[in-house]
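Written below as structure tokens is the structure these notes are about.
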Amino acid sequence: MTSFSVDETSNQSCSSPVLGKRKPVKPPSSVWEHFIKVEGCDPKYPRAACKHCGASYACDSKRNGTTNLKRHLEKCKMYVNPLEDNVEGEGDSESNLMTASFTQENCRKMLARMVILDELPFKFVESEGFHQFCRALNPKFVIPSRVTVAKDCFQMYMKEKKKLKNALTRSGQRVCLTTDTWTSVQNINYMVITAHFIDDDWNLHKRILNFCQVANHKGDTIGRAIEKCLEGWGIDRLFTVTVDNASSNDVAIAYLVKKFKGRNGLVLDGEFIHIRCCAHILNLIVSDALKDLHVSIIRIRNAVKYVRSSPARLQIFKDFAKEDKMSTKNCLTMDVPTRWNSTFTMLDGAIKCQKTFERLEEHDPSYLPKDDIPTTEDWDNAKVFVKFLKTFSEVTMKFSASMSVTSNIFFHELCLIQEIIREYSSYENALLSQMTLSMQTKFNKYWGITTSEKTNLLLYVSVVLDPRYKLAYVNYCFNEFLEEDCAKIWTNKVEEAFRRLCDDYYMRMSKEKYSQTQSCTPIEGFGFQSQSEIPSISSSGSYKARATVHDRFKQSNKTCLDDAKTEVTRYLDEARIDCMGDEYLDLLTWWKVNASRFKIISQVARDIYSIPISTVPSESAFSTGGRVLDSFRSSLTPQTAEALICAQNWIQSKPLDDMTEEIDGAEEIDEEFINIGKEMEAAFENLNNDSMSLEAQ
């Protein structure tokens, strides 16, 4: 009894505010999970910044509390509440008790989002583990069937598609495309079409438009598929199409030029529409030089293959590396003989473990035959190869970027590659000299300034549009690699292409402006109020009137061209920005700020900087396609596969809220929903027909 009373008294002394010396400290509000104190501000007036959007608010515990922080969190556009709930605090401002409303609709929406983003099979929602998790999380949630989840995913796809289509068509956006083809494990031919564009706020976007099934990889088939895709999206302003070097793509480009030329949707009648994948061409150039692999590379490959061929050998190798205090992570990768970059990765990793390979040779009696063991000379040759190929690997990575501007880097990397080839051609190593000669031949075929017509001049104009370089830098580089007369000719070609582009854009802008004002502003001199006020005109008078209008049109046309030339001249004559070493100049921001000064050239820059110089953005979709259409999910229809792949890309991409406008008019809204309803009805019919086959997932 005595011991019990002592313990009870002790507990009371710790918890009671009457007996204790200090009140218990309240736990901090959960809102601080989303805010952080701003450093450097006045301690008397502390402020907190939102971790999601950066907005700051006063947060003094006595004067402000956390109510304003909670209110901001409810309206913060960058914060996504998993259940999209209205969260409100309970009790005073320091309380961490919160209530969240539950709706079946929101939970199903987030479930469909999870299936799309994480590439989960529809049957996942019927697994026992998921059911147990949902019962523990919220027993009120009624878990939908796999067919219902498939329908929810398709509804999300249609909603995102409507938003993207509205953004592209309402803004009259000109787009650049990349496309590629792929054959799935089910032996079905697929083609992906990706659009690249810069919005009105000068943000670069990449969106997969179609992941569709095609009959074959022929040029006409590809061209018709692209045409059908653009018509379905309501896109009639096409700037460029980036494809690999296959001959069928030449046929596809010719088909598109023929179809779009009459619609006035191509700049300069499609003269610069064809962009060849620079990463693919660079792969051809380097692969041609490595087609006859040196014996040193073969010996090192055999050594790596020997270690990887047995778990026991691999463990012995790791033990030796541990004794040498070496890490074997990413050091024992096998290469693919047809891909030079994998050979570079293999050599680069093996060189780091050279000492370990030498120890293996000393202690393993069953190691490679004596003639196949890498020698010191072989390792030295490999180091030279790695140093030589490293630059090309880095250039390939730059060309393959998908969420940053790449058209402006092509010319700089082109000059770098030419300089390296020229440097190594006089190298003492006979092998490297021979390699560079082979590379120069292939380089001249695709990128030689005087020997190839396959390089698109838009990639040179992109350098002119860089305020750090302009035309002077292009002229300087031409003089470095060409004779003086030839350099002058090619500089003039680039300048001429730049001026022609600006003239074409100005004429289009003038026509659009005229068509917009024509419907609401009467032509000067013809301000009649009604049909009865129009005077009768004789045949001779009618001819004179037409001649007068024609003369005014010619004068207006001449004025437009003169204005465009004036702007180009003013831009080229302005001093270049003195930040040649600043690699982090944001070109899109610069043109956004200076668009008001160069109204024509800024539109040219906006489209040229949208150009992707490789097909990697489209090829990356096939890695997703391979996971979605694996051997266990072969029953998915092409329409369902397209919905999953496109929706994932759209959800993960930068939002288009700033570009999306509300559709005006109830009739237009009704028509849009009727069309969507028809598409969804057809898709649901396919899903119901395939519901039994989904069991295979």
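Positions are given from 1 along the sequence.
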Quiz item: Side chains of Asn249 and Asp244: do they bring a donor and an acceptor to under 3.5 Å?
Solution: yes
Self-check item: Heavy-atom pair of closest approach, residues Met156 and Ala112
Solution: CE-CB, 4.3 Å
Quiz item: Do any N or O atoms from the side chain of Trp233 and from the backbone of Leu168 form a donor-acceptor pair under 3.5 angstrom?
Solution: no
Practice problem: Write out all pairs satisfying salt bridge (Lys or Arg N to Asp or Glu O under 4.0 Å) with one or both partners inside residues 385-401, taking only residues at least two apart or from two chains. | Solution: Lys398-Glu413
Practice problem: Could you please spell out the steps behind the ring pair (Phe, Tyr, Trp, His ring centres under 6.0 Å) verdict for Tyr473 and His412? | Solution: CA-CA 10 Å; Tyr473 182 78; His412 303 289; 5.3 Å; yes
Quiz item: So do Asp200 and Arg606 actually touch side chain to side chain, heavy atoms under 4.5 Å?
Solution: yes
Quiz item: Closest heavy-atom contact between Ala279 and Ser400?
Solution: CB-OG, 4.0 Å
Practice problem: Using modelled atom types only, decide if a donor and an acceptor are shared between the side chain of Thr615 and the backbone of Cys277 within a distance under 3.5 Å. | Solution: no
Quiz item: So, the side chain of Thr179 versus the backbone of Val192: is there a donor-acceptor pair under 3.5 Å, distance only?
Solution: yes
Practice problem: Report the C-alpha distance between Arg508 and Asp504 in whole Å, list the side-chain angles of each, state the deciding distance to 0.1 Å, and finish with yes or no for salt bridge (Lys or Arg N to Asp or Glu O under 4.0 Å). | Solution: CA-CA 6 Å; Arg508 292 174 183 273; Asp504 187 280; 2.6 Å; yes
Quiz item: Would you say Asn189's side chain and Ala215's backbone share a donor-acceptor pair under 3.5 angstrom?
Solution: yes
Quiz item: Should we say atom NZ of Lys654 is surrounded by more than 12 heavy atoms from elsewhere, each under 6.0 Å from it?
Solution: yes
Quiz prompt | Phe392 backbone acceptor or donor facing Thr396 side chain under 3.5 Å | solution = yes
Quiz item: Can you name the one residue among Asn649, Ile651, Ile645 that meets side chain to side chain contact (heavy atoms under 4.5 Å, CB included) with Ile116?
Solution: Ile651
Practice problem: Could you pull out all residues at least two apart from Asn283 that satisfy side chain to side chain contact (heavy atoms under 4.5 Å, CB included)? | Solution: Ser287, Trp340
Practice problem: Kindly assign one of parallel, tilted or perpendicular to the pair Phe399 and Trp447, based on the angle between their ring planes and the thresholds 30° and 60°. | Solution: perpendicular
Quiz item: Of all heavy-atom pairs between Thr194 and Pro617, which one has the smallest distance, and what is that distance?
Solution: OG1-O, 4.1 Å
Practice problem: Output yes when a side-chain donor or acceptor of Asn210 lies under 3.5 Å from a complementary backbone atom of Cys212, and no otherwise. | Solution: no
Quiz item: Thr406: what forms a side-chain hydrogen bond (donor to acceptor under 3.5 Å, both in side chains) with it, not counting sequence neighbours?
Solution: none
Exercise. Would you mind listing every salt bridge (Lys or Arg N to Asp or Glu O under 4.0 Å) that reaches into residues 220-230, with sequence neighbours excluded?
Key: Glu227-Arg263
Quiz item: Below 4.5 Å, heavy atoms only, C-beta onward: do Leu588 and Asn203 meet side chain to side chain?
Solution: no
Quiz item: If you draw a 6.0 Å radius around CE in Met114, do more than 12 non-hydrogen atoms from other residues or ligands fall strictly inside?
Solution: yes
Practice problem: Please report the shortest heavy-atom distance between Ser407 and Ile608, naming the atom on each side. | Solution: OG-O, 2.9 Å
Exercise. With sequence neighbours left out, write down each residue that passes salt bridge (charged side-chain N to carboxylate O under 4.0 Å, His left out) with Glu419, or none if nothing qualifies.
Key: Arg422
Exercise. Evaluate the side chain to side chain contact (heavy atoms under 4.5 Å, CB included) criterion for residues Tyr424 and Met435: first the C-alpha distance (whole Å), next the side-chain angles of each, then the deciding distance (0.1 Å), finally the verdict.
Key: CA-CA 9 Å; Tyr424 276 89; Met435 286 174 57; over 6 Å; no
Practice problem: Report yes if the distance between the aromatic ring centroids of Phe154 and Tyr157 is under 6.0 Å, otherwise no. | Solution: yes
Exercise. May I ask you to check whether Asn444 and Gln440 show a side-chain donor-acceptor distance below 3.5 Å?
Key: yes
Quiz item: Can any side-chain N or O of Asp269 pair as donor or acceptor with the backbone N or O of Glu271 at less than 3.5 Å?
Solution: no
Quiz item: Sequence neighbours excluded, which residues qualify as side chain to side chain contact (heavy atoms under 4.5 Å, CB included) partners of Cys415?
Solution: Phe411, Cys477, Phe481
Quiz item: Does Thr637 reach the main-chain N or O of Thr640 with its side chain, forming a donor-acceptor pair under 3.5 Å?
Solution: yes
Quiz prompt | Derivation of the side-chain hydrogen bond (donor to acceptor under 3.5 Å, both in side chains) call for Ser438 and Asp288 | solution = CA-CA 7 Å; Ser438 300; Asp288 191 68; 4.8 Å; no
Self-check item: Heavy-atom closest contact (Val386 atom, Leu347 atom, distance)
Solution: CG2-CB, 3.7 Å
Practice problem: Begin from the C-alpha positions of Lys109 and Lys159 and carry the test side chain to side chain contact (heavy atoms under 4.5 Å, CB included) through to its verdict. | Solution: CA-CA 12 Å; Lys109 178 181 176 182; Lys159 180 180 177 181; 4.1 Å; yes
Quiz item: Is there side-chain contact between Arg174 and Val267, with heavy atoms separated by less than 4.5 Å?
Solution: yes
Quiz item: Would you say the side chain of Leu465 lies within less than 4.5 Å of the side chain of Phe498, judging by non-hydrogen atoms?
Solution: yes
Quiz item: Roughly how far apart are Leu268 CG and Leu458 CG, rounded to 0.5 Å?
Solution: 8.5 Å
Quiz item: If you round to the nearest 0.5 Å, how far is OG1 of Thr221 from NE2 of His217?
Solution: 9.5 Å
Quiz item: Does some side-chain heavy atom of Trp490 sit less than 4.5 Å from a side-chain heavy atom of Leu457?
Solution: yes
Quiz item: To the nearest 0.5 Å, how far apart are CG in Asp466 and CG in Asn408?
Solution: 6.5 Å
Quiz item: Should the ring pair Phe410 and Tyr460 be called parallel, tilted or perpendicular, given that the plane angle runs from 0 to 90° and is split at 30 and 60?
Solution: perpendicular
Quiz item: Do the side chains of Leu177 and Leu238 get nearer than 4.5 Å, heavy atoms only?
Solution: yes
Quiz prompt | Among Ile281, Leu389, Ile417, side chain to side chain contact (heavy atoms under 4.5 Å, CB included) partner for Val286 | solution = Leu389
Quiz item: Quick one: CD1 on Ile275 to OG on Ser614, what's the gap to the nearest 0.5 Å?
Solution: 11.5 Å
Exercise. For Ser462 and Leu459, indicate whether the former's side chain and the latter's backbone hold a donor-acceptor pair under 3.5 Å.
Key: yes
Exercise. Applying side chain to side chain contact (heavy atoms under 4.5 Å, CB included), run through Ile300 and Ile351 and close with a yes or a no.
Key: CA-CA 9 Å; Ile300 293 176; Ile351 289 173; 5.7 Å; no
Quiz item: Within the side chain of Gln648, is there an N or O that forms a donor-acceptor pair under 3.5 Å with the backbone of Leu117?
Solution: yes
Self-check item: Closest approach of Leu204 to Met403 (non-hydrogen atoms, all atoms of both residues)
Solution: O-CE, 3.9 Å
Quiz item: To the nearest 0.5 Å, how far apart are CD in Gln213 and CE in Met191?
Solution: 12.0 Å
Exercise. Answer yes if the side chains of Ser618 and Thr178 hold a donor-acceptor pair under 3.5 Å, and no otherwise.
Key: yes
Quiz item: Can you find a heavy atom in the side chain of Gln155 that is under 4.5 Å from one in the side chain of Lys151?
Solution: no
Quiz item: Do the non-hydrogen side-chain atoms of Asp250 and His274 ever get within less than 4.5 Å of each other?
Solution: yes
Self-check item: CZ-CG distance between Phe122 and Leu636, expressed to the nearest 0.5 angstrom
Solution: 6.0 Å
